[in-house]
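These notes are about the structure you will find just below.
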Amino acid sequence: MAASNAPKINAPKGVPDYSPPRSRDFLAVREALSSAGSHAGYDYMELPVFESTELYVRGVGESTDVVSKEMYTFSDRGDRSITLRPEGTAGVMRAVIENRLDKGPLPVKLWYAGPFFRAERPQHGRYRQLQQVGVEAIGSDDPAVDAEVISLAYFAFKSLGLKNFHVDLTSLGCNDCRPNYRIVLQEFLNGLDLDEETQERARLNPLRVLDDKREQVQAQLEQAPLMMDHLCENCSEHYARVRTYLEAAGVIWRENPRMVRGLDYYTRTTFEFVHHGLGAQSGIGGGGRYDGLMSELGGSELSGIGYGLGVDRTLLACEAEGLTPFHDSIIDLYIIPIGQQAQLPAFSLMSQLRASGLACDMSFDARSIKSAMKNADRSGAPFVALLGDDEVAAGLVTLKSMSTGNQEQIALDAESISIKVRDRNTDVE
RNA sequence: GUGGGUGUAGCUCAGCUGGUAGAGCGCUGCGUUGUGGUCGCAGAUGCCGCGGGUUCAAGUCCCGUCACUCACCCCA
């Protein structure tokens with residue numbers, strides 16, 4: 001395996017490749033997460049991966065870290081400022097407004113999936129291109145919708161077999177009660193001994209100081225006022241009903257009044273799914289209500305709630321719990337031609353079988369039967385079809401079960417092979 | 001952006017106080033003249049991340065650099 005002397009090109013910093021066989025697990029995880037929404041009346045939304053920079057500045061908030069220092073922003077040929085999407089909700093809102101979905105039946109329930117981009121320093125579970133699956137339910141204040149969204153994510157994770165995670169839940173209040181609380185909190189924070197950077201954060205987004213992981217900071221926050229205790233009556237009532245519905249759905253959550261989300265648009269119900277086996281980047285999904293976002297972006301005065309689930313991190317979580325691999329073989333039948341005469345009939349058989357919907361592969365390069373069998377074994381195919389000159393002459397194939405080792409000769413006919421192979425439980429004799 | 005760690009075969013790694021490279025797994029082939037998984041045998045593959053310095057001699061020491069990685073920040 002002599003390497004050429006041409007210089008190698010590496011992937012840009014912080015972008016993951018998923019190569020086989022792990023790529024199969026990635027696919028399985030993404031499928032499990034997306035089916036949550038698609039099986040619950042959420043319709044698919046296909047969205048661009050880049051948008052006007054303005055969308056995120058206005059929608060997500062200029063003071064957020066995501067917008068202020070983590071966006072991939074560039075000018076296109078027409079000198080427009082374009083940004084690779086760092087999150088999904090703002091883009092969905094833009095599309096809903098642009099496609100007038102907000103004028104149709106409510107709530108609008110959508111799901112989406114794909115890559116997102118943040119120019120952060122990479123580490124375990126934190127990538128510059130990350131894959132996310134999300135849902136958004138727009139145009140309803142019903143606390144049952146909050147509970148629906150949370151339980152969709154909850155049971156999607158459960159469906160993968162995940163156990164070592166929990167749901168943090170809180171309410172961030174609304175435009176009526178949060179401003180007051182914010183002032184109370186800022187007054188409290190001003191009295192603390194904080195470094196300059198943290199003081200700045202206290203000024204811009206005081207809620208986020210509550211989430212500081214450093215001990216010298218946390219120690220000072222024990223007596224900090226909490227949003228929970230300052231919710232207005234509407235928010236308090238709403239939050240109580242969300243919890244009642246969650247209980248009805250069988251979701252187990254943990255109240256975390258200090259939980260904070262990094263995006264400015266969140267109001268009222270917010271939640272985060274935290275896995276315990278991932279190290280520092282432990283959030284595998286999160287979301288919440290965003291009651292002012294739509295109008296902020298020039299649309300109707302509609303409230304909404306949604307989540308984003310991290311496919312990359314969920315895969316890591318599954319691996320941490322020893323749940324992978326999820327996949328079976330990607331093929332049902334492996335065909336081995338023996339000798340020159342059999343090459344063409346084998347290829348022809350494979351083409352017919354594929355056309356009939358059977359997943360199959362064959363041995364190429366006229367390998368020895370021994371090495372072809374080895375490859376067949378590694379492919380994981382439950383059956384192997386051996387096609388030698390004798391068989392071709394007699395119009396037969398030898399069909400072998402790889403699990404039992406038994407084999408029999410059957411007619412060299414796509415239909416009968418297909419029937420035999422599709423029922424993986426039948427053995428050959 | 002700030003700190004720590006690591007860079008030796010495809011992968012995981014060993015190489016002590018400096019003397020021009022090793023293991024396991026994997027891979028290829030053979031043991032079967034038409035048959036895999038087990039077992040046995042044989043074999044291939046390394047600019048020891050890159051550049052410079054010290055030295056008779058550097059994978060091993062020093063400096064720089066790049067990459068990866070973990071953590072802070074932030075978040076999926």
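Heavy atoms only: backbone and side chains are in, while hydrogens, waters and symmetry mates are out. Within every chain, numbering begins at 1; the chains are lettered A, B, ... in the order of the sequence lines, protein sequences first and strands thereafter.
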Quiz item: Considering only side-chain heavy atoms of A/K400, which listed nucleotide, B/G36, B/G34, B/A76, is closest?
Solution: B/G36
Quiz item: In the strands shown, is B/C72 matched to any nucleotide by a Watson-Crick or G-U wobble pair with both distances under 3.5 Å, and which?
Solution: B/G1
Self-check item: Member of A/T269, A/T270, A/D146 meeting the side chain to side chain donor-acceptor pair (under 3.5 Å) criterion with A/R289
Solution: A/D146
Quiz item: What about A/R121: does its side chain form a donor-acceptor pair under 3.5 Å with the base of B/C70?
Solution: no
Quiz item: Among the nucleotides B/A76, B/C70, B/C73, which one has an atom lying closest to any side-chain atom of A/D65?
Solution: B/C73
Practice problem: Please determine, for B/C48, whether a Watson-Crick or G-U wobble partner exists with both distances under 3.5 Å, and give it or none. | Solution: none
Quiz item: Is the distance from OP1 or OP2 of B/C73 to the nearest side-chain N or O of A/R126 less than 4.0 Å?
Solution: no
Quiz item: For B/G18, what is the paired nucleotide under Watson-Crick or G-U wobble rules, both distances under 3.5 Å?
Solution: none
Quiz item: Can you tell me if A/R422 and A/S418 form a side-chain donor-acceptor pair at under 3.5 Å?
Solution: yes
Quiz item: Is A/I338 touching bases, backbone alone, or none of the nucleic acid, heavy atoms closer than 4.0 Å?
Solution: base
Practice problem: In whole angstrom, give the distance that lies between atom CG of A/L278 and atom P of B/U69. | Solution: 16 Å
Quiz prompt | Polar side-chain contact A/E391-B/G34 base: donor and acceptor under 3.5 Å | solution = yes
Quiz item: Is there a Watson-Crick or G-U wobble partner for B/A67 with both distances under 3.5 Å, and if so, which one is it?
Solution: B/U6
Exercise. Would you indicate, yes or no, if B/C68 has its OP1 or OP2 atom less than 4.0 angstrom from a side-chain nitrogen or oxygen of A/K13?
Key: yes
Quiz prompt | Touch class at under 4.0 angstrom, heavy-atom based, for A/G125 against every strand present | solution = base
Exercise. Round to a whole Å and report the spacing from CD of A/E120 to C1' of B/C68.
Key: 18 Å
Exercise. Might you confirm whether atom CZ of A/F347 has over 12 heavy atoms from other residues, nucleotides or ligands at distances under 6.0 Å?
Key: no
Quiz prompt | B/C61 - base-pair partner by Watson-Crick or wobble geometry, distances under 3.5 Å | solution = B/G53
Quiz item: OP1, OP2 of B/A71 versus side-chain N and O of A/Q123: anything below 4.0 Å?
Solution: yes
Self-check item: Sugar-phosphate, base or nothing in reach of A/R128, heavy atoms under 4.0 Å
Solution: nothing
Quiz item: Within the structure shown, what part of the strands sits under 4.0 Å from A/D390 by heavy-atom distance: base, sugar-phosphate, or nothing?
Solution: base
Exercise. For the side chain of A/M402, starting at C-beta, report the closest nucleotide among B/G36, B/U35, B/A76.
Key: B/G36
Quiz prompt | First of A/R313 and A/H124 reached from the 5' end of RNA chain B, by closest nucleotide | solution = A/H124
Self-check item: Assigned partner base of B/C39, Watson-Crick or wobble definition, under 3.5 Å
Solution: B/G31
Quiz prompt | Exercise: do A/Q131 and A/Y18 side chains pair donor with acceptor under 3.5 Å | solution = no
Quiz prompt | Of A/L192, A/L194, A/N190, the residue whose pairing with A/Q199 passes side chain to side chain contact (heavy atoms under 4.5 Å, CB included) | solution = A/L194
Quiz item: Hey, mind stepping through A/E272 and A/R261 against salt bridge (Lys or Arg N to Asp or Glu O under 4.0 Å) and telling me if it holds?
Solution: CA-CA 9 Å; A/E272 191 167 310; A/R261 313 243 65 230; 3.2 Å; yes
Exercise. Check every strand shown and say whether A/Y127 touches a base, only sugar-phosphate, or nothing at a heavy-atom separation below 4.0 Å.
Key: base
Quiz item: Has the side chain of A/K370 got a donor or acceptor that lies under 3.5 Å from a partner of the other kind on the base of B/U35?
Solution: no
Practice problem: Take atom CD of A/E136 and atom P of B/A76, then tell me their distance rounded to the nearest Å. | Solution: 12 Å
Quiz item: Does any nucleotide pair with B/U12 by Watson-Crick or G-U wobble geometry, both distances under 3.5 Å, and what is it?
Solution: B/A23
Quiz item: Does a distance-only test, which skips hydrogens and angles, find a donor-acceptor pair under 3.5 Å between the side chain of A/D377 and the base of B/G36?
Solution: yes
Quiz item: Got a donor-acceptor pair under 3.5 Å from the side chain of A/Q281 to the base of B/A71?
Solution: no
Quiz item: Can a side chain N or O of A/R378 be found less than 4.0 Å away from OP1 or OP2 on B/C27?
Solution: yes
Quiz prompt | Residue pairs passing the salt bridge (Lys or Arg N to Asp or Glu O under 4.0 Å) test where at least one lies in residues 365-383 of chain A, sequence neighbours excluded | solution = none
Exercise. Classify the nucleic acid contact of A/I369 as base, sugar-phosphate or nothing, counting any heavy atom under 4.0 Å across all strands shown.
Key: sugar-phosphate
Self-check item: A/R118 (side chain) and B/A76 (base): donor-acceptor pair under 3.5 Å
Solution: yes
